[in-house]
Structure formats: C-alpha cells, structure tokens
*Asks:* 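Pasting a structure below so you can have a look.
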Amino acid sequence: MNAKMMTTDRKLFCFSFFLFQTFQTDYDVRQGSTILKYQILIYFIIAVTAVYTLLFTYYYNLKDDGYILADWLINYQDGGFKRRGLSGSFFFLLQDLTHIRLNYLVYFFQFLIISGFFWLYTKLIRYKVTDLLYLSLLLSSIGFVGLLNTVTYVGKKEFIVFLLFTWFVYLLDNDKLSKNKEFLFCIALCVTTFLHEVVLFYVPYFAIALYLKTGKFEFKRYIKYFLSVGIPTLLILKFGKNVNEGMSLQILADRGVHPTYGIFYWSINERDYIKEHLNEYLLYFISLGLSALHLAYYLKYLNNRKVISILLTGAFLFSLPLFYLAIDWGRWMYIHMMLIIVLFGLLLKKGSTATVFERIVINKKFYITLFIIIFSLLYRVEMSGKGFTFEGILYRVFVAPIELLNKM
C-alpha cells in the first residue's frame, strides 16, 4: 500500500467513523416504540459526503491530479475542437483575465457545482417522509457511500449532471418547471455535452422524471432533451480531435499546471484492457446483480412499479455503449445509482416538517432492509478494476486503519 492510499484511508477513517455513530434510536415513552430519525441521519450522510468530496477535490487539485484537475483543462488551444475541450478553454480565458492559478479557478467552479448538488438534494427531500429502505439507497456501495469508498469519484464532471438533474427534479416536484425553464435545461444539457459526453448516456432520466410527475408519456416533450445532447455528440464524433494533440502538457506547464499522469497520458485501448482484465471485470456483474436486487426490493413498495422497472431497465440499456467504450464500469454504475436516488426522492410522500420520518416497524421488511444495508457496507465496487471486493466502508473504517498501523 503506497503513501497516497495510506493518507486517504486515515482521512476516510476520520470522516466515516462518525457516520456509524449516528445509528442510534430515540425512545417515545408515550407510544412505547423505538424511533429512528432517518431524515436526520440522511442529512448527516449528505453533510459528511459533501465535506469529504469538497476536501478531497481540493487536495487533488493542489496536487495537479491528472484526472480530477486535468480533465477540466482539456482545451481547444491544442489542435482545435475536441470532446471535453470547452472547459479548459473557458478556464484559460478566466486565467488570462484574472491571473489566478488554474487550480483555484477550477476548484471554485467544482465547489459551486458539488455544493449546489448537495444543497438541492437536501431541499428536494427536506419535507419528504423517509424510511429505512430509502436510507439504504444512500448507503449502497455505489450510492453516496460509493464516494467514501472510491475517492477518485470526487471532483469529476458528472457532478454537473447530478446538479442539473437534481435541480430539474426539484422544480418538477414543486410544480415550478415552466416551458421556458425546460428550454434552459436543454441549453444547459447541450453545453454540458461539450464539457463531457457522458451526459448523453444518462439523459433518459430526465424523461423518466417527467413521466413520474405527470403519469403519462409525452414523447414529443422528451425529444428535445435527447436532441440537446445528441446533436453536440454527433458534432464531436464528426469533427472532434484527440484530447491531447501533442501540445496539451506544454500549454498546461506554461500556465502553471504539471500533471504527471492521467487523461493527457491516456493511450490504452480500452476494449483490449477489459479483455486483458476480464476476470476482474466479470466481478462487476456481481455488483450489478446485487444493485439490481436492491432496487427491485425498493420498487416492490412503489406504485406503478412494473412501468418504473421497465423505464429504469431502458435507461441502463441506453448506457450500455458507455460500458463498451470505456473501462470505468464502477463509475458508470455509480452515476446510475446517484440519479436513481434523486429520482426516487420525487416519489417520496411529502410531510409537514423537515425532520419527518416513519416509525420503525419490526417486521420482515425491516430485517431484509437492515441486511441490505449491512451487506452494502461490506463490499466495494472499484471505478475500473475489481468489480467486487469485500473492502467496503466497514473494512476501510475498522480494518484498514489497523493494517496501516501495522505497516508503519
């Protein structure tokens, strides 16, 4: 285990230890029942995950990380139009105007995007009735806990997708999504595609959210969302050049950024890589199966579950080309789960206070949900590598620190 991982695990231990201390109950003497304040625990998980994400994003930005920072600095100055290049050229312009280090400029926008996502998600569920089963989604190994399990998820451009989708769902939930706002979202999705093409593979969730709100299929309404990401994707495929056309590292060096690995060094044939590591990638099917069973159990308690199941399956199938084209299978699964968590927030019943919750009922559902939570905390899904290991958050909190101490 290298020094970088040792430092990460120490910090992860500090953040995660308190997470498990919050699994405590209050006693309602009048009712003689035990109550778990799920909403408060959810707020705590959001806060821990947000702080963790922002701190490690800052940490890796200052280290000139080749992914968490450098992916935002892909630019048009090296070779012209290319995928993901809009962000780098934008930050170059800002640096020319302000003379501020690129690391700080990028982090400022990452901070706004990441904070905005967590803030809007908190607002979305603020007056919703939550239960242990919904909490289990956040504690899934590819849900919010996935960020704690895999530090390399922090600071990535998918947080733009999380922010836009959460904002979209929040407006839907509060009956504030006007036609003009829908048009603005389509523009935002179009621009986001030039920042990272991954948005193309997750646009079905916007259509699913509209269906869940209205209860009817409005295909003409959905088309504009698919066109807003499909047209720029076609332009990128037709005219886009390589991420690094040969001068990117020199351009960054001239601007004070010196990544020593990462996106600008990437020369792997991803399909060959998957074939060479087939045994590790086959493990992703275990994680995928477990997540599917988890969601299937959640859907069991929803109305219209058959249609929702078909729509979610369709959304996953829509993203299959992404699994063929790129090696970050764990990351693609994590994005799906995060969007589903937000989507299901739309379906939660509304309550009267910001700490409304359901009472614990000790029954079969409770024990099954508790088992799902415990098992989810036992295993980990790597971003690109081993698709299933028993090195989940419980291992990283209680076992990894001991291993670190023994190696020091």
Side-chain angles (χ1 to χ4, degrees), residues 1-24 41-42 44-53 55-57 59-60 68 132-133 135-156 277 279-295 297 327-338 341 367-408:
M1 187 178 296
N2 57 35
K4 177 180 176 181
M5 288 302 298
M6 290 173 66
T7 302
T8 299
D9 280 331
R10 287 195 197 100
K11 294 179 179 178
L12 177 62
F13 173 73
C14 294
F15 280 113
S16 303
F17 177 76
F18 295 100
L19 175 63
F20 297 98
Q21 300 304 308
T22 62
F23 277 96
Q24 52 186 313
L41 182 53
I42 288 174
F44 185 81
I45 294 171
I46 294 170
V48 169
T49 310
V51 172
Y52 174 92
T53 303
L55 285 178
F56 275 100
T57 299
Y59 171 75
Y60 283 112
I68 294 170
L132 188 64
L133 190 55
L135 174 63
S136 73
L137 296 177
L138 277 74
L139 296 175
S140 164
S141 63
I142 54 172
F144 278 58
V145 166
L147 278 161
L148 303 177
N149 271 338
T150 310
V151 70
T152 47
Y153 288 159
V154 305
K156 296 293 182 66
H277 298 81
N279 290 336
E280 294 179 355
Y281 274 82
L282 288 175
L283 295 175
Y284 280 106
F285 289 98
I286 298 176
S287 299
L288 177 62
L290 292 171
S291 298
L293 289 173
H294 187 177
L295 291 173
Y297 189 70
I327 66 174
D328 295 345
W329 285 17
R331 182 182 173 192
W332 313 144
M333 291 165 58
Y334 144 77
I335 297 174
H336 274 293
M337 182 59 83
M338 293 292 285
I341 289 170
Y367 286 117
I368 292 175
T369 304
L370 191 61
F371 172 79
I372 290 172
I373 290 174
I374 294 172
F375 192 77
S376 295
L377 299 176
L378 287 174
Y379 76 94
R380 177 176 182 242
V381 184
E382 293 185 3
M383 183 171 71
S384 55
K386 294 180 180 179
F388 179 90
T389 69
F390 282 108
E391 296 180 359
I393 195 71
L394 293 180
Y395 167 85
R396 293 165 71 77
V397 169
F398 296 109
V399 179
I402 298 174
E403 292 181 345
L404 286 172
L405 289 172
N406 290 334
K407 292 182 178 182
M408 290 177 65

*Asks:* The criterion is ring pair (Phe, Tyr, Trp, His ring centres under 6.0 Å); which residues satisfy it with Phe390, sequence neighbours excluded?
*Replies:*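 In terms of ring pair (Phe, Tyr, Trp, His ring centres under 6.0 Å), with neighbours along the sequence ignored, Phe390 is linked to Phe388.
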*Asks:* Please report the closest heavy-atom contact between Thr152 and Met383, naming both atoms and the distance.
*Replies:*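 For Thr152 versus Met383, the nearest heavy atoms are OG1-CE, 3.9 Å.
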*Asks:* Does a side-chain heavy-atom distance below 4.5 Å link His294 with Ser140?
*Replies:*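 Counting from C-beta outward, His294 and Ser140 do come under 4.5 Å.
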*Asks:* Are there more than 12 heavy atoms of other residues, nucleotides or ligands under 6.0 Å from atom CZ of Phe285?
*Replies:*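 12 or below, so no.
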*Asks:* Of the non-hydrogen atoms in Thr49 and Thr53, which two are nearest, and what is the gap between them?
*Replies:*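 Distance-wise, the nearest heavy atoms are O-OG1, 2.6 Å.
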*Asks:* Take Phe371 and Tyr367 through the ring pair (Phe, Tyr, Trp, His ring centres under 6.0 Å) test and state the conclusion after the steps.
*Replies:* CA-CA 6 Å; Phe371 172 79; Tyr367 286 117; over 10 Å; no
*Asks:* Apply side-chain contact (heavy atoms from CB on, under 4.5 Å) to the pair Met338 and Phe144, showing each step before the final yes or no.
*Replies:* CA-CA 7 Å; Met338 293 292 285; Phe144 278 58; 3.8 Å; yes
*Asks:* If you round to the nearest 0.5 Å, how far is CG of Leu148 from CZ of Phe56?
*Replies:*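 Result: 9.5 Å between the selected atoms.
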*Asks:* Identify the heavy atoms of Pro401 and Arg396 that sit nearest to each other, and give their distance.
*Replies:*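 Reported closest heavy-atom pair: CD-O, 3.3 Å.
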*Asks:* CG/Leu137 to OG/Ser376 distance, rounded to the nearest 0.5 angstrom?
*Replies:*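 Atom-to-atom, Leu137:CG and Ser376:OG are 9.0 Å apart.
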*Asks:* Go through Ile45 and Leu135 one step at a time and tell me if the side-chain contact (heavy atoms from CB on, under 4.5 Å) criterion holds.
*Replies:* CA-CA 10 Å; Ile45 294 171; Leu135 174 63; 3.5 Å; yes
*Asks:* Looking only at non-hydrogen atoms, find the nearest pair between Val381 and Thr150 and report the distance.
*Replies:*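 Taking Val381 first and Thr150 second, the nearest heavy atoms are O-OG1, 3.5 Å.
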*Asks:* Which atom pair, heavy atoms only, marks the closest approach of Val145 to Leu139?
*Replies:*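 So the minimum-distance heavy-atom pair works out to CG2-CA, 3.6 Å.
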*Asks:* Using the test side-chain hydrogen bond (donor to acceptor under 3.5 Å, both in side chains), find all partners of Tyr379 that sit at least two apart in sequence or belong to another chain.
*Replies:*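 Tyr379 satisfies side-chain hydrogen bond (donor to acceptor under 3.5 Å, both in side chains) with Ser141 only.
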*Asks:* Locate the shortest heavy-atom distance separating Ser136 from Thr369; write the atom from each residue and the value.
*Replies:*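 Minimum heavy-atom contact is CB-CG2, 4.1 Å.
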*Asks:* Hey, what do you get for OH (Tyr59) to CD1 (Ile68), rounding to the nearest 0.5 Å?
*Replies:*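 Spacing of OH (Tyr59) from CD1 (Ile68) equals 10.5 Å.
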*Asks:* Just so I know, are the side chains of Lys156 and Arg331 near enough to count as touching, which here means a heavy-atom distance under 4.5 Å?
*Replies:*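 Yes, side chains in contact.
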*Asks:* Which value, rounded to the nearest 0.5 Å, describes the distance between Leu133 atom CG and Tyr297 atom OH?
*Replies:*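 Separation between the atoms: 7.0 Å.
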*Asks:* Are Glu403 and Tyr395 close enough that some pair of their side-chain heavy atoms sits under 4.5 Å apart?
*Replies:*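 Glu403 reaches Tyr395 side chain to side chain.
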*Asks:* Backbone N or O of Ala47 within a donor-acceptor pair of the Tyr52 side chain at under 3.5 Å?
*Replies:*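 Checked: no pair found.
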*Asks:* So, taking the atom named CG in Leu295 and the one named CE in Met337, what distance separates them when rounded to the nearest 0.5 Å?
*Replies:*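 Reported to 0.5 Å precision, the distance equals 4.5 Å.
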*Asks:* Name the residue from Ile393, Ile142, Leu377, Thr389 that meets the side-chain contact (heavy atoms from CB on, under 4.5 Å) definition with Asn149.
*Replies:*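 When side-chain contact (heavy atoms from CB on, under 4.5 Å) is applied between Asn149 and each of Ile393, Ile142, Leu377, Thr389, only Ile393 qualifies.
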*Asks:* So how far is it from Tyr284 OH to Leu282 CG, rounded to the nearest 0.5 Å?
*Replies:*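 Going from OH on Tyr284 over to CG on Leu282, the span is 11.5 Å.
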